[in-house]
*Asks:* 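First, the structure itself, so that you have it in front of you.
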Amino acid sequence: MIRPFRESVEDAVASALRARGLPTDDLGIEEPPDDVASVFASSIAFRVADDLGTAPPQAAVSLAADIDTEPHEYVERVEATGPYLNFFPSESYFADTLEAAQAADYGSLPARDVSVVVEHTSANPTGPVHVGRARNPIIGDAVANLLEYAGYDVDRHYYVNDAGRQIAVFTWAYERFEESELPDPARDREEYRMVRYYRRGNEFLQDADPEAVEAAEAEIEAILRGLEDGDEETYERVSEVVDTVLGGMKACLGRLPAAFDEFVKETRFMRDGSTDDVVARLKAHENAVYENDAWQFTFEDIDKNLVFLRADGTSLYTTRDLAHHEWKFDNYDRAVTVLGEDHKLQARQLKAALSELGNDPERLDTVVYSYVNLPEGKMSTRRGTGVQLDDLLDESIDRAREEVQARLEDRLRDDDLDGADVDRIARQVGVGAVRYDIVSKQPTKAITFEWDRALDFEAQSAPYVQYVHARCRGIEAEADGIDPALDAAALSGDPERELLATVARLPGVVEAAAADRQPHRIATYTREIADRFNGFYRECPVVTASDDRTKAARLALVVAARHTVANALEILGVEAPESM
RNA sequence: GGGCGUGUGGCCUAGCGGAUCAGGGCGAGAGGUUCCUAACCUCUAGACCGCGGGUUCGAAUCCCGCCACGCCCGCCA
């Protein structure tokens, strides 16, 4: 109901301005401070005070008198508070919110008939996913969920870099070394077993005598050459390595869970001729130059050329990525890419080159995040430094389990949690805490990974919000036999009204967060709804309320709040426990 | 050297032009459970919003300069 309310406010303010011949380009609509009970406010009086020849407070009074709220069902009245116009909700605003939030998909917006491909993670298939990269699947999955809630038709893609030198090195190393000469894997899964070859190969290239290295380099070169030439046998050899490693990485990401509709391989755009096509069109473009034995593309506002073809005729990563993105444009209306800040320059070049090739750059958005570093420095798969995402999840789940068991002893609720429940809660809380900690912060902020900070289950973490959901479920279980009633009039107390008003905001928060591709705003909202629910929980007993009408109405409010919390958590990719 | 990003109480973080308290949380101190789960709640202490200018009726928010930190500036991906 908040979206029609906002439209009403915009319409009302614009009408009042038009009636006086004032511009309507900036209506000054904003959200009021916590202690004001209006849904929206406008600071327009500041801007039009001069035109009206009065001070802002008088201008506000004057405008308020002009505004007719009658045509707007959800707007009860408008009131001038100092220089501000405050728009207060009508009874039907609360009634319709209570009803709308009974739907299990409350908060999801109507379908837009716009398809969007969200590409995220796309970590090179060289070994285990470490926490330095963990921000990507967590933010990426939340962005995809958020866009889905906002009504877009979303596909999730993982772009597989299976054509680069490091993959050639990996393939060579896998064929060159025997498992018996490698250390035991850190974990019994494909990518942990395979990365040993990759690390061994890199050590060899660094430490072996020059002749041996030269021979190895020739073999690696042959693999690269074979891929470039479309040699089927080379492709098979490389694919065996890539697919095996990727299988393990997929299992790791599945723990978050982050799932993909498609794994798109880079070699696909070499094999189908689209990279050659891009090269030909780039060459023909007036910005193309041949300098220092390589074809380069120049830009007007980027002073770094893009080398798109080597002297030997081989393509580069970004060249193939251009073909990849034109393929996305052929198949989707919009494309969103989640990538680390180290790829920002390349992303700018990509977008500019796409534009010069005749594509509409507005169709491509990037969500940039800063890397997670360790106190002692950067993480690296090749060097084997860093904390693996698997280890982080294991540790978090272990700590969550200890917490569950410690709380079991002085638990008030008598609902007989069994061993399976303990496992379930430990996993939901453990994984949820990791995701929430990462997704709730602005992605551009740098993070230094510290165990204790990442795994804090106190307030402002996933379990704080999850607990609210479990409490709702607990109340519903206790209220067995009471039918929830859509009776907003019976919910007249402040805690009830404030909770309902916060429930009402979810669709607006989803819309705004999706427009800017900022899932952390959903996390901020989950804290607000949880705070409001806790206030309601403290003040307003449901099952033990004094009369049946209040019980039934409050129960409907609990259901509404539960859907709101569950769906906000779903966008973040955090599970909502039935009990904990 | 150039480009991009970040800088909010001891620590983490929201806000990114508007409402005489700059919200939360952690940590510190004091309380709360005969009542739907205390992973909760209430109260106290703690901030010249990196520094200096400017624009504006109004700046944590915009502009300029400086400082600190991160990332990038490869015919790697």
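For the numbers below, each heavy atom of this structure counts, side chains included, while hydrogens, waters and symmetry mates do not. Each chain gets a letter, A, B and so on, in the order its sequence line appears, and its residues count up from 1.
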*Asks:* When you compare B/A59 with B/U8, how far apart are their C1' atoms, in angstrom units rounded to a whole number?
*Replies:*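 Going atom to atom, C1' in each nucleotide, I get 14 Å.
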*Asks:* How does each nucleotide of nucleotides 34-42 of chain B score, in 5' to 3' order, for protein heavy atoms under 4.0 Å: base (B), sugar-phosphate only (S), or none (-)?
*Replies:* --BBSBSS-
*Asks:* For nucleotides B/U6 and B/C49, find the distance between their C1' atoms and express it as a whole number of Å.
*Replies:*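 Their C1' atoms lie roughly 14 Å apart.
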*Asks:* Honestly, is A/Arg6 close enough over A/Phe40, meaning NZ or CZ under 6.0 Å from the six-membered ring centre and within 45° of the axis?
*Replies:*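 Ring-cation test returns yes.
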*Asks:* With A/Arg77 as the cation and A/Phe88 as the aromatic partner, state whether NZ or CZ is under 6.0 Å from the six-membered ring centre and within 45° of the axis.
*Replies:*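 Positive - A/Arg77 is close enough to the ring of A/Phe88 and near enough to its axis.
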*Asks:* Is a donor on one side and an acceptor on the other found under 3.5 Å between the side chain of A/Asn305 and the backbone of A/Val307?
*Replies:*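 Here the side-chain-to-backbone pair does not exist.
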*Asks:* For the C1' atoms, the ones on B/C16 and on B/C63, what distance do you get once it is rounded to whole angstrom?
*Replies:*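 Approximately 15 Å lies between the C1' atom of B/C16 and that of B/C63.
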*Asks:* Would you say the ring centroid of A/Trp172 lies under 6.0 angstrom from that of A/Phe204?
*Replies:*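 Between A/Trp172 and A/Phe204, the centre distance is under 6.0 Å.
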*Asks:* Could you state the CG-C1' distance from A/Leu316 to B/A77, rounded to the nearest angstrom?
*Replies:*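 One finds 10 Å between C1' of B/A77 and CG of A/Leu316, rounded.
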*Asks:* Give one of base, sugar-phosphate or nothing for A/Asp312, where a contact means two heavy atoms less than 4.0 Å apart.
*Replies:*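 If one applies the 4.0 Å heavy-atom cut-off, A/Asp312 turns out to touch nothing in the nucleic acid.
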*Asks:* To the nearest angstrom, how far is A/Arg532 atom CZ from B/G24 atom P?
*Replies:*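 Nearest whole value for this atom pair: 11 Å.
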*Asks:* To the nearest angstrom, how far is A/Ile438 atom CD1 from B/U13 atom P?
*Replies:*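 Distance, rounded to whole Å: 13 Å.
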*Asks:* Is any side-chain nitrogen or oxygen of A/Arg320 closer than 4.0 Å to OP1 or OP2 of B/A77?
*Replies:*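 Yes, within the criterion.
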*Asks:* Mind checking the P distance from B/G50 to B/A60? Whole angstroms is fine.
*Replies:*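 Here B/G50 and B/A60 have their P atoms 10 Å from each other.
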*Asks:* Taking B/G9 as the reference, what is the distance to B/G23 when you measure between their C1' atoms (whole Å, please)?
*Replies:*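 B/G23 and B/G9 have their C1' atoms separated by 13 Å.
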*Asks:* Would you please indicate if the ring centroids of A/His324 and A/Tyr159 are separated by under 6.0 Å?
*Replies:*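 Between A/Tyr159 and A/His324, which both carry aromatic rings, the centre distance is below 6.0 Å.
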*Asks:* Which residue lies toward the 5' end of RNA chain B, A/Phe40 or A/Asp342, if each is placed at its nearest nucleotide?
*Replies:*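 Upstream on the strand: A/Phe40.
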*Asks:* In whole angstroms, how far is the C1' atom of B/C21 from the CG atom of A/Asp35?
*Replies:*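 Whole-Å distance recorded here is 10 Å.
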*Asks:* Looking only at the side chains, is there a donor atom on one of A/Gln460 and A/Tyr436 sitting less than 3.5 Å from an acceptor on the other?
*Replies:*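 No pair is found: no donor N or O on one side chain lies under 3.5 Å from an acceptor on the other.
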*Asks:* Determine the Euclidean distance between corresponding C1' atoms of B/C69 and B/C51; express it in Å to zero decimal places.
*Replies:*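 Comparing C1' positions in B/C51 and B/C69 gives a spacing of 15 Å.
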*Asks:* Which heavy atom in A/Arg554 sits nearest to a heavy atom in A/Glu496, and how many Å separate them?
*Replies:*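 That closest heavy-atom pairing would be NE-OE2, 2.7 Å.
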*Asks:* Restricting both atoms to N or O, compile the protein contacts to nucleotides 56-62 of chain B shorter than 3.5 Å, with distance only.
*Replies:*
none

*Asks:* Using atom P in both nucleotides, what's the gap between B/C26 and B/G5 to the nearest angstrom?
*Replies:*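 B/C26 and B/G5 have their P atoms separated by 33 Å.
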*Asks:* Any luck finding a side-chain donor-acceptor pair between A/Asp456 and A/Ser461 under 3.5 Å?
*Replies:*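 Result is no, nothing qualifies.
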*Asks:* Nearest heavy atom decides the nucleotide; on that basis, is A/Glu291 or A/Ser370 closer to the 5' end of RNA chain B?
*Replies:*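 Here A/Ser370 is the residue nearer the 5' end.
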*Asks:* Does A/Lys304 put a side-chain nitrogen or oxygen below 4.0 Å from OP1 or OP2 of B/G74?
*Replies:*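 So the side-chain polar atoms of A/Lys304 do come within 4.0 Å of the phosphate oxygens OP1 or OP2 of B/G74, strictly under.
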*Asks:* I need the residues from residues 216-227 of chain A with at least one non-hydrogen atom less than 4.0 Å from RNA chain B; give them sorted by number, or say none.
*Replies:*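 Output list: empty, so none.
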*Asks:* A/Arg348 CZ to B/G3 C1': how many Å, rounded?
*Replies:*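 Answer to the nearest Å: 7 Å.
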*Asks:* Going by an N to O cut-off under 4.0 Å, is there a salt bridge joining A/Glu478 and A/Arg473?
*Replies:*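 Salt bridge flag = no for A/Arg473 with A/Glu478.
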